[in-house]
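Right, one structure below, let's go through it.
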Protein chains: 2
Amino acid sequence: MSIVKSPARRRRAPEIRRQNPEAVRQDILTVATAEFAENGFSGARVDEIAARTRTSKRMIYYYFGDKEGLFVAVLEAAYARIREIESGLDLAGLPPMEAMRRLAEFTFTYQNDNPDFVRLVMVENIHRGSHLARSAKIQALNVSVLQTLRETYERGVADGVFRPGLDIIDIHMTMSALAFFNVSNRSTFSLIFKHNMGSRTALTRRRQAVAETVLGYLRR
Amino acid sequence: MSIVKSPARRRRAPEIRRQNPEAVRQDILTVATAEFAENGFSGARVDEIAARTRTSKRMIYYYFGDKEGLFVAVLEAAYARIREIESGLDLAGLPPMEAMRRLAEFTFTYQNDNPDFVRLVMVENIHRGSHLARSAKIQALNVSVLQTLRETYERGVADGVFRPGLDIIDIHMTMSALAFFNVSNRSTFSLIFKHNMGSRTALTRRRQAVAETVLGYLRR
DNA sequence: CAGAAAATGTACGGAACTGTTAATTTCGCT
DNA sequence: AGCGAAATTAACAGTTCCGTACATTTTCTG
């Protein structure tokens, strides 16, 4: 899938170059992320992405092959970003209950602050994960989340604060679902129930409720 | 929005007619529902819908104006369907805890059995609810859900089995989120965690976990 | 500095799509 | 029976949009 190699073999004066493949690639990715998140895969326009870029449409096809290739790259980059930040949480130092609350609240806050990520995942699910299926990196990236979760859960069981016998995947799914839905379904939900889910107070309250819900499921 | 009147004024031999506006309308709606759910709004093709219909493309424009009008009609019909079935649940006769469990399990099961509905809602959320915003019916349809939920919750508080002070919307949101996510994010989630969320046993287990989670949040 | 490879700009082909025009058939009513 | 309205058909106009062909410039290698 990667057409371009890392340009680490040139010898000198790397700063003076007029051409800058990596920057061009990144520029395209940034613009494409916004466009795909806003309009979905079919709704996104390659011409529109090209227009908002500092480069031309020709470059999109040069680096990413076609529209689908571009979307795959966008998805990979988005997942890489969230996992990188997520792995920075230091949960091992906290008591299990606190650690779980922290993880739940982080998940909620991150997704709320990064609606583009949520929207990209929605779009990819509409397409039945067909693009993500091509990426080998994805799975490796996400193993760590379960690892952290498992460790925290088992500490909690040993301490007697969590009930035993639960499935790690279930716990993760519950956290993700509650955090995700708050962003993904905000439009229809707010519309139908005339309830502004995006306001500062609503978010604080909901984050609290989500954490409570997760902990309630775990608590002995 | 309704262009066609109910054709109840003809006198005899209604079965022998060659023209049948209501059937044509319904035929279009059924086909369009599948197409929009499968491919999203932008991905859906009017020509494709027309081809799978017993009628022609011109009829789509005749009855629904344009592609957006067709999508609005599809959404309205989908919501009407789910709410109709939902209102058939008789929760007032059950003790509060049982009633809540029943509601949570129904929500889970319905959404699982009707992925097209879930997908249409996803699509509409990608479009920020712009289509649903035109429909006045939608809000009225959903008031009843909150009504039922409120009544059940208050009975539970009076009985001392639910803790007081909770927000009805929060409860509904939690139920919806857990049920919805299980369908909406199945593709990416299953892919990333190599966990088949669609299998019979996984569904039974998860439905149980979802009910537990909701009740855990409510329990005193 | 030459020659190769990488990167980029321009312009356009042609398929895919939405929506329309105009003409025809069927229906409801008196 | 016959008229006006509703329903339906067929063909197509006008865009939009993905992807490419071709040419050119820039950078790298030896």
Side-chain angles (χ1 to χ4, degrees), chain A residues 2-29 31-32 35-36 38-74 131, chain B residues 2-29 31-32 35-36 38-74 131:
Chain A
S2 84
I3 299 165
V4 187
K5 302 211 168 192
S6 166
R9 41 189 154 142
R10 84 193 96 74
R11 263 179 210 152
R12 37 169 206 182
E15 312 84 4
I16 314 173
R17 284 173 313 147
R18 316 234 181 99
Q19 290 185 358
N20 192 344
E22 237 9 81
V24 168
R25 239 185 101 93
Q26 190 52 56
D27 184 21
I28 293 171
L29 273 182
V31 174
E35 173 79 3
F36 281 123
E38 184 59 34
N39 303 313
F41 179 76
S42 311
R45 299 294 164 228
V46 176
D47 282 326
E48 182 64 23
I49 294 171
R52 294 194 188 168
T53 298
R54 255 171 272 115
T55 183
S56 67
K57 186 167 63 163
R58 178 67 185 76
M59 287 293 90
I60 293 173
Y61 288 93
Y62 184 68
Y63 284 120
F64 301 101
D66 58 7
K67 191 180 177 182
E68 291 206 11
L70 177 58
F71 186 58
V72 172
V74 163
H131 307 99
Chain B
S2 85
I3 299 165
V4 187
K5 302 210 168 193
S6 166
R9 39 190 156 139
R10 85 193 93 75
R11 261 181 213 152
R12 37 171 204 181
E15 312 84 4
I16 314 174
R17 283 175 313 146
R18 318 242 176 95
Q19 291 187 358
N20 193 343
E22 236 10 79
V24 167
R25 239 186 101 93
Q26 190 50 56
D27 184 21
I28 293 171
L29 273 182
V31 174
E35 173 78 5
F36 281 124
E38 184 58 35
N39 303 313
F41 179 76
S42 312
R45 299 296 165 227
V46 177
D47 281 330
E48 183 63 24
I49 293 171
R52 295 194 187 168
T53 298
R54 255 171 269 116
T55 182
S56 68
K57 183 167 65 162
R58 183 63 186 82
M59 285 294 90
I60 293 173
Y61 289 93
Y62 183 68
Y63 283 121
F64 301 99
D66 58 8
K67 191 180 177 182
E68 292 206 8
L70 177 58
F71 187 57
V72 172
V74 163
H131 307 99

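Per chain, numbering begins at 1; letters A, B, ... match sequence-line order.
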* Considering only side-chain heavy atoms of V46(A), which listed nucleotide, dT10(C), dT18(C), dC18(D), is closest? -> dC18(D)
* Structure fact -> Here the distance between atom P of dA10(D) and atom CG of D47(B), to the nearest Å, is 15 Å
* Spacing of R54(A) atom CZ relative to dG9(C) atom C1', expressed in whole Å -> 17 Å
* Nearest-nucleotide pick for S56(B), side chain only, options being dC12(D), dT9(D), dG9(C) -> dT9(D)
* **Per Y61(B) side chain, nearest of listed nucleotides dC18(D), dT8(C), dT20(C)** => dT20(C)
* Rounded to the nearest angstrom, tell me the gap between atom CZ in F36(A) and atom P in dC17(D). => 13 Å
* Would you say the base of dG19(D) and the side-chain of K67(A) have a donor-acceptor pair closer than 3.5 Å? -> no
* To the side chain of T55(A), which of dA6(C), dA7(D), dG9(C) is closest? -> dG9(C)
* Structure fact -> Sequence neighbours excluded, the answer for side-chain hydrogen bond (donor to acceptor under 3.5 Å, both in side chains) partners of R58(A) is none
* Counting distance only, does the side-chain N/O of K67(A) pair as donor-acceptor with the main-chain N or O of F41(A) below 3.5 Å? -> yes
* To do: Indicate yes or no: at least one non-hydrogen side-chain atom of M59(A) is less than 4.5 angstrom from one of T53(A).
  => no
* For M59(B) and dA6(D), give me the distance from atom CE to atom P, rounded to whole Å. => 13 Å
* To do: Scan A50(B) against the nucleic acid and name what it touches under 4.0 Å (heavy atoms): base, sugar-phosphate only, or nothing.
  => nothing
Scan nucleotides 21-24 of chain C against the protein and return all N/O pairs shorter than 3.5 Å with their distances rounded to 0.1 Å.
| residue | atom | partner | partner atom | Å |
| --- | --- | --- | --- | --- |
| dT21(C) | O4 | R58(B) | NE | 3.0 |

* Asked: Whole-Å distance between dA6(D) P and E22(B) CD?
  -> 15 Å
* Derivation and outcome, side chain to side chain contact (heavy atoms under 4.5 Å, CB included), residues Y61(A) and L70(A) -> CA-CA 8 Å; Y61(A) 288 93; L70(A) 177 58; over 6 Å; no
* With under 30° as parallel and over 60° as perpendicular, where do the rings of H131(B) and F71(B) fit, or are they tilted in between? -> perpendicular
* Between dT9(D), dA6(D), dC17(C), which nucleotide gets closest to the side-chain atoms of Y62(B)? -> dA6(D)
* Measure the distance from CD1 on I60(B) to P on dA7(D) and round it to the nearest whole Å. => 16 Å
* To do: Figure out the CG/C1' separation between D66(B) and dT15(D), and round it to whole Å.
  => 16 Å
* Specify the separation, in whole Å, of atom NZ of K57(A) and atom P of dT20(D). => 11 Å
* Asked: With sequence neighbours left out, what residues match K57(B) under side-chain hydrogen bond (donor to acceptor under 3.5 Å, both in side chains)?
  -> D47(B)
* Asked: Can you find a pair of side-chain heavy atoms, one from E22(B) and one from Q26(B), that are under 4.5 Å apart?
  -> no
